[in-house]
Amino acid sequence: MTATESAPVEVDVDTDEMIASRRRLLDDGKVLRLSEIDAEQVAGDIDDERMIINMGPQHPSTHGVLRIMFELQGETVVRSKPIIGYLHTGMEKTAEDLSYLQGCTNVTRMDYASNLFTELSFSLAVEKLLGLEIPERATWIRMLMTELNRMSSHLLFLATNGMDLGAVGMMLYGWKEREDVLRFFESVTGLRMNHNYIRPGGVAADLHDGWEDGVARLLAGLPKRLDEFDILMTGQPIWRDRTQGIGVISTEDAVALGATGPILRSTGYAWDLRRDMPYLAYPDVDFDVVVGTYGDTFDRFAIRLNEIRESMRIVEQCLERMPSGDYRTDDRKVTPPPRARIDESMEALIHHFKIFTEGYTVPEGEVYAAVESPRGELGCYIVSDGSPKPQRMHIRGPSFVNLQTLPHVLQGGLIADAVAVISSVDPIMGEVDR
């Protein structure tokens with residue numbers, strides 16, 4: 001047999017019988033001839049058929065217990081509706097039964113991918129009510145730790161975003177680099193997540209001896225890996241086809257829907273609280289606000305990738321300029337006495353006991369403090385009635401607000417692109433169902 005010849009195919013069915021059967025059906029009018037089919041009518045029937053399907057709630061495609069109800073016309077998304085509430089955490093109500101000293105153990109569990117930011121916003125709000133000034137070293141430690149946390153959060157995004165679109169290798173690489181940052185967190189706070197490290201008045205403990213070497217290792221190894229991620233993902237034709245022009249949102253729509261963070265910046269609007277409503281020592285460090293152009297899924301990916309590089313610039317400046325001094329305020333109202341004093345002084349023991357059992361009172365009033373988390377504006381609103389516990393606490397969670405953009409960016413797209421668009425919003429459901 002030559003290369004152009006093919007082997008015969010054996011068919012069990014009697015071909016002559018099939019042809020004869022088909023002719024009988026045509027003659028009886030039970031089968032339409034092609035010439036008798038009204039193509040426009042068939043197309044109209046298909047267009048009128050819409051289907052309701054549910055996606056979620058499950059990991060990993062919806063990034064947690066998020067459920068999205070789709071109305072489809074063929075494979076096109078006509079409408080969508082995010083449905084939340086499956087976690088039932090009730091953390092804001094729980095905050096009313098916790099003292100201000102205990103509050104950070106609660107809020108750190110909301111955005112479990114960037115715990116230190118919720119601790120920071122809560123602490124800033126309490127310090128505003130107290131009129132409390134914290135030492136310069138505590139400010140720079142907070143900035144160092146939160147920027148490292150931004151890096152770990154964005155690395156987690158790169159990992160899961162890659163997996164959502166089929167790039168399983170990116171999941172492994174991004175997860176590995178994030179582990180290096182979490183390992184440093186463990187050396188400082190004792191925990192990889194849910195740290196309770198940033199507290200009203202400063203931080204829980206000073207940086208350990210040799211912390212500079214740990215940060216230097218992160219700064220030395222990560223740039224090369226980010227360049228490899230650029231090669232692996234950014235310049236990949238299939239990746240670009242799956243992300244460019246997908247899930248587009250304009251600046252006007254993003255502002256109208258309250259979107260912040262990479263979603264807003266992907267439209268070209270350079271809004272970053274670290275620069276536009278500065279806190280901590282951000283006015284004293286150099287960094288750039290990364291913006292996109294088209295507001296699509298690719299821009300949101302590229303912004304997070306490059307924000308890691310900008311966070312590394314800030315961390316490097318923290319490493320070079322970390323001041324000496326105390327890591328927490330010496331205000332005895334909120335700071336327990338040193339451990340050594342407890343063994344020497346009855347007054348110190350009583351002071352320690354009262355702080356950790358009753359807490360400390362906060363003047364009456366209400367306050368709002370916002371920070372730039374990896375997902376956007378994260379704010380803490382507290383109402384104080386003068387007791388050791390908040391009368392009311394509310395967290396302005398960027399994941400919750402950013403989910404409002406999903407019905408807009410999904411409309412008119414394909415159901416096959418839905419997971420890519422959801423991933424680009426980067427929602428953390430612990431912050432949504434708080």
Side-chain angles (χ1 to χ4, degrees), residues 56-57 59 62-67 82-130 142 145-146 149-150 152-153 156 185 189-201 203-204 258 260-261 334 356 358-360 362 365-385 387-404 425-434:
H59 267 300
T62 58
H63 286 244
V65 285
L66 170 65
R67 171 186 165 207
I83 301 172
I84 63 176
Y86 291 94
L87 282 181
H88 307 288
T89 57
M91 291 180 179
E92 291 179 338
K93 189 64 178 177
T94 300
E96 299 174 15
D97 293 324
L98 299 175
S99 69
Y100 291 99
L101 187 66
Q102 298 169 319
C104 287
T105 64
N106 178 41
V107 298
T108 191
R109 288 165 169 79
M110 293 183 182
D111 184 348
Y112 38 76
S114 53
N115 322 82
L116 293 168
F117 289 91
T118 45
E119 296 176 18
L120 177 61
S121 63
F122 176 83
S123 298
L124 290 175
V126 175
E127 288 161 1
K128 278 187 178 181
L129 285 169
L130 289 168
R142 287 178 171 185
M145 296 293 284
T146 51
N149 203 179
R150 190 186 311 277
S152 70
S153 178
L156 178 62
F185 285 160
T189 72
L191 295 167
R192 290 158 40 86
M193 299 171 66
N194 301 337
H195 306 281
N196 188 25
Y197 180 70
I198 298 176
R199 303 178 184 179
V203 294
T260 53
V334 298
F356 283 98
E358 298 179 3
Y360 46 81
V362 172
E366 57 182 324
V367 70
Y368 177 78
V371 301
E372 183 70 34
S373 89
R375 272 152 283 281
E377 181 181 340
L378 170 64
C380 180
Y381 171 74
I382 294 178
V383 177
S384 171
D385 58 0
S387 70
K389 300 176 182 179
Q391 184 182 30
R392 179 76 176 92
M393 187 192 78
H394 173 66
I395 296 292
R396 194 263 185 205
S399 293
F400 174 80
V401 179
N402 290 345
L403 282 180
Q404 294 182 115
V425 174
D426 193 22
I428 297 295
M429 298 310 295
E431 185 183 80
V432 175
D433 294 343
R434 64 202 175 285

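We count residues from 1, following the sequence as given.
Between the OG1 atom in Thr189 and the CG atom in Asn115 there is a gap of 9.0 Å [rounded to 0.5 Å]. Atom CD1 of Ile198 and atom OG1 of Thr146 lie 6.0 Å apart (nearest 0.5 Å). Interatomic distance, NE2 of His394 versus OH of Tyr368, reported as 8.0 Å (0.5 Å rounding). Note that OG of Ser121 is 8.5 Å distant from CE of Met110, once rounded to the nearest 0.5 Å. From Phe185, atom CZ reaches atom CE of Met145 across 5.0 Å, with rounding to the nearest 0.5 Å.
Look at Asp97 and Lys389 and you find no salt bridge, because none of the NZ, NE, NH1 or NH2 atoms lies under 4.0 Å from a carboxylate O. Ion pairing of Glu127 with Arg142 is present here, as a side-chain N (NZ or NE/NH1/NH2) and a carboxylate O approach within less than 4.0 Å.
Judged by distance alone, the side chain of Arg392 and the main-chain N or O of Glu92 form no donor-acceptor pair under 3.5 Å. Remark: side-chain polar atoms of Glu431 are paired, donor with acceptor, to backbone N or O of Ser399 under 3.5 angstrom. Counting only distance, with no hydrogens or angles, the side chain of Asp433 and the backbone of Gly85 share a donor-acceptor pair below 3.5 Å. The backbone N or O of Leu120 lies less than 3.5 Å from no partner atom in the side chain of Ser123, so there is not a single donor-acceptor pair.
Side-chain atoms of Val371 and Leu124, non-hydrogen and from C-beta on, do get closer than 4.5 Å to each other. For the pair Met91 and Arg109, the minimum side-chain heavy-atom distance is below 4.5 Å. Annotation: side chain of Val362 is in contact with side chain of Ser384 (closest heavy-atom distance under 4.5 Å). For the pair Leu66/Leu403, a side-chain contact is recorded, criterion being any heavy-atom separation below 4.5 Å from C-beta on. Counting heavy atoms from C-beta outward, Pro427 and His63 have side chains that approach closer than 4.5 Å. By the 4.5 Å heavy-atom criterion applied to side chains, Pro388 and Tyr360 are not counted as neighbours. Using a 4.5 Å cut-off on side-chain heavy atoms (C-beta onward), Pro390 and Tyr100 make contact.
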**OP:** Output, in order, the C-alpha distance, side-chain angles, deciding distance and verdict of side-chain contact (heavy atoms from CB on, under 4.5 Å) for Cys104 and Phe122.
**Re:** CA-CA 7 Å; Cys104 287; Phe122 176 83; 3.6 Å; yes
**OP:** Check the pair Ser152 / Asn149 against side chain to side chain donor-acceptor pair (under 3.5 Å), numbers first and verdict last.
**Re:** CA-CA 5 Å; Ser152 70; Asn149 203 179; 3.1 Å; yes
Original post:
Can you check side-chain contact (heavy atoms from CB on, under 4.5 Å) on Tyr197 and Leu116, steps first, answer last?
Top reply: CA-CA 7 Å; Tyr197 180 70; Leu116 293 168; 4.2 Å; yes
**OP:** Please lay out, stage by stage, how Leu156 and Asp426 fare under the test side-chain contact (heavy atoms from CB on, under 4.5 Å).
**Re:** CA-CA 10 Å; Leu156 178 62; Asp426 193 22; over 6 Å; no
Subject >> Working for side-chain contact (heavy atoms from CB on, under 4.5 Å), residues Glu366 and Ile382 >> reply: CA-CA 6 Å; Glu366 57 182 324; Ile382 294 178; over 6 Å; no
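Donor-acceptor pairing under 3.5 Å is recorded for the side chains of Asp111 and Ser114.
Nearest heavy atoms, Tyr112 versus Met429: OH-N, 3.7 Å. What you find for Val65 and Tyr86 is that their closest heavy atoms are O-CD1, 3.4 Å. The nearest pair of heavy atoms linking Ser373 to Leu378 is CB-CB, 3.9 Å. Shown here for Arg396 and Gly258, the closest heavy-atom pair between the two residues is NH2-O, 3.0 Å. Summarising the geometry of Met393 relative to Ala95, their closest heavy-atom pair is CE-CB, 3.6 Å, with the distance given to 0.1 Å.
Of the residues Thr105, Asn194, Thr108, Asn106, the one that meets the side chain to side chain donor-acceptor pair (under 3.5 Å) test with Glu119 is Thr108.
Note that Arg434 lies in the cation-pi zone of Phe400, set by a 6.0 Å cut-off to the ring centre and a 45° limit from the axis.
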